[in-house]
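Working notes for the structure below.
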Amino acid sequence: MYKKVLVPLDGSIRANVAAEHAMELAKTMNAEVMFLHVIPALPPYVNSYSDRLGGAYQQINDELETTGREIMDKARKEYENSGVSLEVKVIWGNPAMEICRESKEGRFDLIIMGSRGLGEIKGYLMGSISNRVVRHASCPVLIVR
Ligand SMILES: Nc1ncnc2c1ncn2[C@@H]1O[C@H](COP(=O)(O)OP(=O)(O)OP(=O)(O)O)[C@@H](O)[C@H]1O
Ligand SMILES: [Mg+2]
């Protein structure tokens, strides 16, 4: 039924559980999967906010990129022999917006993601990103608890 599945990952345990669900489901549906990580870039104005921030701004963004790529390399390795067609993508931006944009532009027909992510400290059922994606995505969303 579903042929293209988008799986947003942030390196959290719940996102990894969602990836497991996605890969199992994709196998049974003969679907393609894309793992997507959105690097939550610091807003560009931070750079001009204070001269002293220049170096730190660059350093933080570099570190975010390195970490993001590590998360995705690990995820790719985990499933490279799964028999499912898997693509991995890393982009910069606002995570919820980019997840919705990618799902639309890439014509995905299902998004599978975790209910919570790295920020799991509050008692809410869903994090802010899963919340926004459920509300704004143009395709069905499967939230894995
Ligand atoms: N930067 C990201 N890139 C890709 N997917 C992400 C990203 N952040 C979160 N996700 C996806 O969204 C799911 C829910 O995470 P979310 O960030 O909404 O919860 P949280 O981290 O617990 O809460 P919050 O971020 O609001 O403090 C994750 O399991 C993952 O699938
Ligand atoms: Mg989060």
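Atoms within each ligand, like the ligands themselves, are counted from 1 in listed order.
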Original post:
Nearest protein heavy atom to atom 14 (C) of ligand 1, by residue and atom, and its distance?
Top reply: G114 O, 3.3 Å
Original post:
Considering all heavy atoms of both residues, which atom of L64 and which atom of P40 are nearest to each other, and what is their separation?
Top reply: CD1-O, 3.7 Å
Original post:
What residues, two or more places apart in sequence or in another chain, satisfy side chain to side chain donor-acceptor pair (under 3.5 Å) together with D62?
Top reply: Q58
**OP:** Quick one: look up the protein heavy atom nearest atom 7 (C) of ligand 1 and list residue, atom name and how far away it is.
**Re:** D10 CB, 3.5 Å
Original post:
At what distance, to the nearest 0.5 angstrom, does CG of D10 lie from CG of L118?
Top reply: 4.0 Å
Subject >> Numbering as shown, the atoms of ligand 1 that approach L118 to under 4.0 Å (heavy-atom distance) >> reply: 21 (O)
Original post:
Which is it for L9 and ligand 1 at heavy atoms under 4.0 Å: side chain, backbone, both or neither?
Top reply: backbone
Original post:
Which of the atoms of ligand 1 are close to A15, meaning less than 4.0 Å from one of its heavy atoms?
Top reply: 29 (O), 30 (C), 31 (O)
Subject >> Shortest heavy-atom approach to atom 28 (C) of ligand 1 - which of R14, R132, R116, H37 >> reply: R116
Original post:
Does ligand 1 have a heavy atom under 4.0 Å from the side chain of L36, from its backbone, from both, or from neither?
Top reply: backbone
Original post:
Between S130 and ligand 1, which part of the residue brings a heavy atom under 4.0 Å of the ligand: side chain, backbone, both or neither?
Top reply: both
Original post:
Tell me: protein heavy atom nearest atom 31 (O) of ligand 1, and distance?
Top reply: P8 O, 2.6 Å
Subject >> Option with minimal heavy-atom separation from atom 17 (O) of ligand 1, where the choices are V38, I129, L6 >> reply: I129
**OP:** Could you tell me whether M29 atom CE has more than 12 heavy atoms of other residues or ligands within 6.0 Å of it?
**Re:** yes
Original post:
Any idea which protein heavy atom is nearest atom 21 (O) of ligand 1, and the distance to it?
Top reply: G119 N, 2.8 Å
Subject >> Nearest neighbour in protein (non-hydrogen) for atom 25 (O) of ligand 1 >> reply: S128 OG, 3.8 Å
**OP:** Evaluate whether atom NZ of K3 has more than 12 neighbouring non-hydrogen atoms of other residues, nucleotides or ligands under 6.0 angstrom away.
**Re:** yes
Original post:
How close do A15 and P8 get, heavy atom to heavy atom, and via which atoms?
Top reply: CB-O, 4.3 Å
Original post:
Mind checking whether N131 and I129 have side chains closer than 4.5 Å, heavy atoms only?
Top reply: no
Original post:
How close do I112 and A18 get, heavy atom to heavy atom, and via which atoms?
Top reply: CG2-O, 3.7 Å
Original post:
How would you list, by chain and number, every residue that makes a salt bridge (Lys or Arg N to Asp or Glu O under 4.0 Å) with K27, sequence neighbours excluded?
Top reply: E24
Subject >> For atom 11 (C) of ligand 1, closest protein heavy-atom neighbour >> reply: M113 CE, 3.7 Å
**OP:** Quick one: look up the protein heavy atom nearest atom 20 (P) of ligand 1 and list residue, atom name and how far away it is.
**Re:** G117 N, 3.2 Å
